[in-house]
Every structure is written in structure tokens, then in C-alpha cells.
Amino acid sequence: PTEEVQAGDVLIENGMITEVGPSLTADKQIEALGGYVVPGLIDVHTHLDNRESALRALDSGVTTVRSASVPAFQDIGLRELVRTGALPGPDMVAAGVYVTPDLDESILADPRLAGLAGGVDSDDELRLLVDVNIDRGVDVIKTRGTERAGRADTDPRQQVYSRHQLEVIVEEAAKHDIPVMVHAHGDEGALAAVQAGARSIEHGTYLSEQTLGLMKEKGAWFVPTYITMLEMNEEQYDSVLRLRGSHMVPRLEQAIRTAHRLGVKFATGADNYYDAKSINRISLEVMYLVQFGLSPFEALQAATTSSADLLGLGDQTGRIAPGFEADLILLPANPLEDIMALQDVLLVLSIGQLALKRIPFGKED
């Protein structure tokens, strides 16, 4: 979004926006009933691996996602289903298999990975896993700088891959113009990732002002996934994780506030599988960004234009303008005045396909 238009029409042909303005005509019309049309939301950190979850993402107003790794290249399959029109969306930017020391069950994703059963640590092992991902058609490589937060037996501050190892990953991916996203809670692992040339830092709980300053300097993006960190305080988690969440959540809020003050670029991710029980949504991530100092306009940009720029799709989606994909959602109120309007998506268009339509609510006589 770059400006608010008080009243007007959006003309769509073959999935693309062809004109925006007053009093446009078309063979088929959808009446917005006084609602507000904004670009479809973008979730740049998901683990979507099935069609049902993809449709849940659409229903929440998310029309583009970036995978943060899946077990066996399901994200590539989803991407192709959307491209062929077999699914209405969301558009998928695929990461394939996680570049991590222990592949666990993902060792079964491709026969060429069999040699990595003992671990993925050496330069050659790292290059092999990156190359297999790229050969399978990924759009981005996902790796880690630190351990996980959601397991009681790991310390999220602990660095996993060194700066050298991360440089090997980034350089191998760069041979094919593929960017690298890096999971990093701890500052040491995040700093190594930024120094190595990471495109984005995912989570970033303990980011220092020094690391955030380097991110600003190098143009690296911050994807806080704050909404998923809140889950650690819920009763379903054991005492170790709930206690961990009590200090991680406020630290992440501090990192978000510092990043905003320094002018670091934000993108929005819910770290979500969009399964039947999850309530993590980009609309809630945007709400918390506003609570932590971003203006509603800045937070909405983070979820649309900025996230599109992170994905290299800034000339395709994230804006309501001629020449852009018709990725649009309809809201009952102006999100720049009431950011919670993003919670109540009335209509979703994904590349011009009608994916959700809840209006009108009344019956015709």
C-alpha cells in the first residue's frame, strides 16, 4: 500500500490488475459493500506441507508464502499446483529441506542425501545438501545459526554453524542466485549469519544493537515471528519451555523495538503449519508490530510490499496497481485506523481466483 483511495474500482483480467480508478466497468463485478481492499498478506516463514493447510492460509488473507523448510519437498509440489491453477493459492516460495546438521527423517527426501546420514557439517556436505535442494527446484535455502527454542533439550542461544560454514552455504546458493534465510535466536549465530551474507534473520530473539546495526548496513531483513514465540507460554508446553518463553518473549519485543528505531527492514512470518489447531496468523503478527512501535502503515507494509521485496517479488505482488497480480483481500474497516480489521477477512482473491467470499451476509428479498 502506498496511498489510500477513498472510492474506486479494481479491474482484473487474466489474474492481473489492469486498471485502478473510479467508475470502471467489467462483465463480472464484486461489490465491496463499503469495505476496504488491501493487498493480500504475505507470510515469509511457514511450514506448509499440504493442500488443506494451504487453503487455511488463504482464508486468513495470506496469498503468498515462503517456506521455511518442509520434510520432503512438499512445498515445491504446492508451488506447482498453484502455478497450474489446480489450487487457488497461496503462491509458494519453496525452501525444500532444511540445511541443518541432523536431517532426521528428511534424509528420506532424496536418495542423494543418504551420504549425509552421519551429519551435515563439512564444506562438501553443506554444498551437497544445498545443491540437491537447488536441483529439486527451490527458490530459497533455509539454514540455521543457532539451536531451536521449542525443544527443552536445546538452548536457542547456542550457535550451530560457524561463520565459515554459513559462508559456504551462502556462496554455494549464490552460484544459482538463490538467497539464504537463517534461523537464529542467539546473537552470536545471528551475527555470523549476517556477516556471511544472509538475506534474512528468522526469529532474532537476542539480537544486539550491534547485530541489528549490521543488518541495517547490509540490508538484511528481520522476520521476528513474534506470534509463535507467545505459544511457549501456553499450558501445552512443559515447564522448561514455559519458563524459557517468559524471558524470550520480552527480549524479542526489545529486539523489534530496537530494529525499528535503527531502520531495519521488517517482513512478516507466523512460523506456522496452518494446521487445524493453530491460531498463529499474519494478522496477529501485524497487530504486535503496531504494539511495539511500528505505525499501522509500516506494519501493513511489512506484511505486503516489504515482504514482497524480501522474496524478490516486489514487481509482482504486494501492491494494488496495474501490472501486479490480483492478490487482494477485502476488510470491513480501514486497517490504518483499526489494525484488527485484518482479523476479519471478508473476501480473498489470489492471482484473480476467488478463494473466499463471505459477503453479503443478508438475504435478498
In Å, rounded to the nearest 0.5 Å, how long is the span from [atom1] of [X] to [atom2] of [Y]?
| X | Y | atom1 | atom2 | answer |
| --- | --- | --- | --- | --- |
| R358 | L330 | CZ | CG | 10.0 Å |
| L113 | L108 | CG | CG | 9.0 Å |
| L294 | Q301 | CG | CD | 9.5 Å |
| L230 | Y288 | CG | OH | 4.5 Å |
| N133 | H176 | CG | NE2 | 11.0 Å |
| I329 | L347 | CD1 | CG | 9.5 Å |

Identify whether the distance between the nearest side-chain nitrogen and carboxylate oxygen of [X] and [Y] falls below 4.0 Å.
| X | Y | value |
| --- | --- | --- |
| R112 | D135 | yes |
| D155 | R157 | no |
| D275 | K277 | no |
| E253 | R257 | yes |

Would you confirm whether [X], through its side chain, and [Y], through its main-chain N or O, come within 3.5 Å as a donor-acceptor pair?
| X | Y | result |
| --- | --- | --- |
| D43 | A270 | yes |
| T46 | G269 | no |
| S295 | E298 | yes |
| K265 | G219 | yes |

[X] versus [Y], closest heavy-atom pair with distance:
| X | Y | answer |
| --- | --- | --- |
| I141 | A173 | CG1-CB, 4.0 Å |
| R144 | V182 | C-CG1, 3.8 Å |
| A149 | L241 | O-CD2, 3.3 Å |
| G312 | R199 | N-NH2, 4.3 Å |
| A302 | L289 | CB-CD1, 4.3 Å |
| S350 | P90 | OG-CA, 4.5 Å |

Using the side chain to side chain donor-acceptor pair (under 3.5 Å) rule, take T154 and R148 through it: C-alpha gap first, then chi angles, then the decisive distance, then the call.
CA-CA 6 Å; T154 60; R148 292 181 57 184; 6.0 Å; no
Are [X] and [Y] packed together at the side-chain level, in the sense that at least one heavy-atom pair is separated by less than 4.5 angstrom?
| X | Y | value |
| --- | --- | --- |
| V97 | V132 | no |
| E209 | L262 | yes |
| F266 | P224 | yes |
| N272 | T228 | no |
| T305 | P39 | no |
| T304 | R319 | no |
| L129 | L103 | yes |
| L284 | N280 | no |

Would you call the rings of H185 and H203 parallel, tilted or perpendicular, where under 30° means parallel and over 60° means perpendicular?
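Correct class here is parallel.
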Hphob cluster co-occupancy, [X] + [Y], side-chain heavy atoms under 4.5 angstrom:
| X | Y | value |
| --- | --- | --- |
| V180 | V264 | yes |
| V160 | V168 | yes |
| I178 | V99 | yes |
| M181 | V44 | yes |
| L252 | I282 | yes |

The test is side chain to side chain contact (heavy atoms under 4.5 Å, CB included); show your working for L328 and I12 and say whether it passes.
CA-CA 11 Å; L328 307 171; I12 299 168; 4.0 Å; yes
V223 and L310: side chain to side chain contact (heavy atoms under 4.5 Å, CB included), yes or no, with the steps?
CA-CA 10 Å; V223 184; L310 165 60; 4.2 Å; yes
Mind running side chain to side chain contact (heavy atoms under 4.5 Å, CB included) on V345 and R281 for me, showing each step along the way?
CA-CA 12 Å; V345 176; R281 296 293 185 266; over 6 Å; no
Ignoring hydrogens and angles, write down the donor-acceptor pairs under 3.5 Å from the side chains of residues 49-57, residues two or more places apart or on other chains.
{"from": "N50", "atom 1": "OD1", "to": "E52", "atom 2": "N", "distance (Å)": "3.2"}
{"from": "N50", "atom 1": "OD1", "to": "S53", "atom 2": "N", "distance (Å)": "2.8"}
{"from": "N50", "atom 1": "OD1", "to": "S53", "atom 2": "OG", "distance (Å)": "3.2"}
{"from": "N50", "atom 1": "ND2", "to": "S53", "atom 2": "OG", "distance (Å)": "3.1"}
{"from": "E52", "atom 1": "OE2", "to": "R56", "atom 2": "NH2", "distance (Å)": "2.4"}
{"from": "S53", "atom 1": "OG", "to": "Y273", "atom 2": "O", "distance (Å)": "3.2"}
{"from": "S53", "atom 1": "OG", "to": "Y274", "atom 2": "O", "distance (Å)": "3.0"}
{"from": "R56", "atom 1": "NH1", "to": "Y274", "atom 2": "O", "distance (Å)": "2.9"}

Quickly, which of L300, V286, V290 forms a side chain to side chain contact (heavy atoms under 4.5 Å, CB included) with P335? Name it, please.
L300
For atom CG of D153, is the number of surrounding heavy atoms from other residues, nucleotides or ligands below 6.0 Å larger than 12?
yes
Evaluate the salt bridge (charged side-chain N to carboxylate O under 4.0 Å, His left out) criterion for residues K175 and E171: first the C-alpha distance (whole Å), next the side-chain angles of each, then the deciding distance (0.1 Å), finally the verdict.
CA-CA 7 Å; K175 294 177 183 178; E171 290 169 3; over 6 Å; no
Could you give the side-chain donor-acceptor pairs of residues 67-87 under 3.5 Å, partners two or more places apart or in another chain?
{"from": "S67", "atom 1": "OG", "to": "S69", "atom 2": "N", "distance (Å)": "3.0"}
{"from": "S67", "atom 1": "OG", "to": "D75", "atom 2": "OD2", "distance (Å)": "2.8"}
{"from": "Q74", "atom 1": "OE1", "to": "A72", "atom 2": "N", "distance (Å)": "2.8"}
{"from": "D75", "atom 1": "OD2", "to": "A95", "atom 2": "N", "distance (Å)": "2.9"}
{"from": "D75", "atom 1": "OD2", "to": "G96", "atom 2": "N", "distance (Å)": "2.8"}
{"from": "R79", "atom 1": "NH1", "to": "G137", "atom 2": "O", "distance (Å)": "2.6"}
{"from": "R79", "atom 1": "NH1", "to": "D139", "atom 2": "OD1", "distance (Å)": "3.3"}
{"from": "R79", "atom 1": "NH1", "to": "D139", "atom 2": "OD2", "distance (Å)": "2.9"}
{"from": "R79", "atom 1": "NH2", "to": "G137", "atom 2": "O", "distance (Å)": "3.2"}
{"from": "E80", "atom 1": "OE2", "to": "R83", "atom 2": "NH1", "distance (Å)": "3.4"}
{"from": "T84", "atom 1": "OG1", "to": "E80", "atom 2": "O", "distance (Å)": "3.1"}
{"from": "T84", "atom 1": "OG1", "to": "L81", "atom 2": "O", "distance (Å)": "3.1"}

Using the side chain to side chain contact (heavy atoms under 4.5 Å, CB included) rule, take L212 and M215 through it: C-alpha gap first, then chi angles, then the decisive distance, then the call.
CA-CA 5 Å; L212 287 166; M215 289 172 65; 4.0 Å; yes
